[in-house]
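Accompanying notes for the structure given below.
This one's a predicted model, so the numbers in the text were calculated from it and none came from an experiment. Each chain gets a letter, A, B and so on, in the order its sequence line appears, and its residues count up from 1.
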Number of protein chains: 2
Amino acid sequence: MRISEAAARSGLKVDTIRYYEAEGLIPNVTRGSGGQRRFSPENVDWLTLLYWLRETGMPMKVMQRFAALYAAGDATIPDRKDIFLDHSRLLAKRRDDLDRCDEILTRKLEIYEEYLR
Amino acid sequence: MRISEAAARSGLKVDTIRYYEAEGLIPNVTRGSGGQRRFSPENVDWLTLLYWLRETGMPMKVMQRFAALYAAGDATIPDRKDIFLDHSRLLAKRRDDLDRCDEILTRKLEIYEEYLR
DNA sequence: ATACCGGCCTAGAGTAACTTCAGGTCAAGA
DNA sequence: TCTTGACCTGAAGTTACTCTAGGCCGGTAT
């Protein structure tokens with residue numbers, strides 16, 4: 001499929017996909033006769049993964065490292081596992097942050113409510 | 001207190017505080033005789049709020065609007081309440097995102113585990 | 001009194017991660 | 001064949017910091 005469909009399916013924007021490819025974050029992207037990118041379902045799965053990793057705050061350098069490990073073959077699976085475990089810890093931290101911010105907002109909203117009565 | 005202490009208490013960096021002040025995000029910052037910033041406990045509470053809002057993804061433009069509303073007095077409390085309610089919805093969305101990413105990571109990790117057996 | 005020096009100041013350059021733009025090419029339908 | 005919407009590249013612009021350079025302030029040890 002072409003880039004616009006890959007964008008629609010993965011959640012990433014067309015421009016972001018091109019940018020990510022230029023930065024080496026997407027392996028195995030082929031080109032059609034006229035130089036246009038062609039995306040396989042596997043490419044789209046990969047993009048979707050990148051979308052969620054980015055959405056939850058993984059820095060690009062880490063994604064870059066992850067893509068390089070993937071390209072280097074199955075021997076790098078333990079390293080990739082470590083990246084995911086680290087990110088999982090980050091997710092937990094972010095959940096705590098959200099809860100803490102929610103508390104603060106709730107308190108402020110109560111004060112506003114009090115004031116508006 | 002001085003800026004380094006305000007930074008330590010709020011979670012923001014010294015540079016970020018100076019930047020935020022230049023952008024109009026921090027009301028009522030006074031200066032000592034030599035031009036150095038002086039922060040009251042109220043300033044620190046405000047900085048702490050900004051820290052958590054930023055940490056959970058509030059764009060600077062919204063913080064700017066919030067600061068302007070605050071400076072405009074109590075009549076803007078309903079507007080400020082709306083900003084908080086909007087942000088609260090954003091927090092809920094982010095929690096969903098985290099859960100979804102966690103699922104994806106868990107699935108990938110299972111596949112890796114399978115492979116490493 | 002003064003010399004020191006870590007913390008504070010500003011203006012401006014640098015960075016990360018996109019996003020938009022300008023100018024040109026491709027390809028599928030009328 | 002002609003058109004027109006999607007695609008291409010390289011470069012400039014944006015957001016939200018972050019860091020650097022060069023200079024000033026202020027608490028304290030001599």
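Between B/Q36 atom CD and C/dT10 atom P the separation is 10 Å, expressed in whole Å. Put simply, CD1 on A/I17 is 15 Å from C1' on C/dA17, counting in whole angstrom units. Residue A/I3 contributes atom CD1, which lies 15 Å from atom C1' of C/dC26 at whole-angstrom precision. Put simply, CD on B/E5 is 14 Å from P on D/dG27, counting in whole angstrom units. Between A/Y19 atom OH and C/dT15 atom C1' there is a gap of 10 Å when expressed in whole angstrom units. The distance from atom CE of B/M1 to atom C1' of C/dG7 is 16 Å, rounded to the nearest whole Å. Look at CG on B/D15: it is 10 Å from P on D/dT20, rounded to the nearest Å. Straight-line distance from the CZ atom of B/R18 to the P atom of D/dT20: 14 Å, rounded to whole Å.
B/R38 comes within 4.0 angstrom of no nucleic acid atom, judged by non-hydrogen atoms across all strands. Across all strands, A/R37 comes closer than 4.0 Å only to sugar-phosphate atoms, never to a base (heavy-atom distances). Among the heavy atoms of the strands lying under 4.0 Å from B/R54 are primed sugar atoms or P, OP1, OP2 only; no base atom is included.
Each of C/dC8, D/dC7, C/dC18 was ranked by its minimum atom distance to the side chain of B/R2; first place goes to C/dC8. Checking D/dC7, D/dT15, C/dA16 against the side-chain heavy atoms of A/S4 singles out D/dC7 as nearest. For A/M60, the listed nucleotide lying nearest its side chain is C/dC18; candidates were D/dT18, C/dC18, C/dC9. Of the listed nucleotides (C/dC8, C/dT19, D/dC17), C/dT19 has the atom at the smallest distance from the side chain of A/K13.
Between B/G32 and B/K61, the residue whose closest nucleotide on DNA chain D is further toward the 5' end is B/K61. Taking for each of B/G35 and A/P59 the nucleotide of DNA chain C with the nearest heavy atom, the 5'-most of the two is the partner of B/G35.
No more than 12 heavy-atom neighbours from other residues, nucleotides or ligands sit within 6.0 angstrom of CZ on A/R65. More than 12 heavy atoms of other residues, nucleotides or ligands lie within 6.0 Å of OH in A/Y112, so this atom counts as buried by the packing criterion.
A salt bridge is absent between A/R100 and B/E55; no separation between the charged side-chain nitrogens and carboxylate oxygens falls under 4.0 Å. One finds a salt bridge joining A/R9 and A/E5 here, because a Lys/Arg side-chain nitrogen approaches an Asp/Glu carboxylate oxygen to under 4.0 Å. A salt bridge does not link A/D99 with A/R95: none of the charged nitrogens is closer than 4.0 Å to a carboxylate oxygen.
Applying the 4.0 Å criterion to OP1 and OP2 of D/dC25, one finds that B/S33 has every side-chain N and O outside that range. Taking 4.0 angstrom as the limit, A/T16 places a side-chain polar atom (N or O) nearer than this to OP1 or OP2 of C/dT19.
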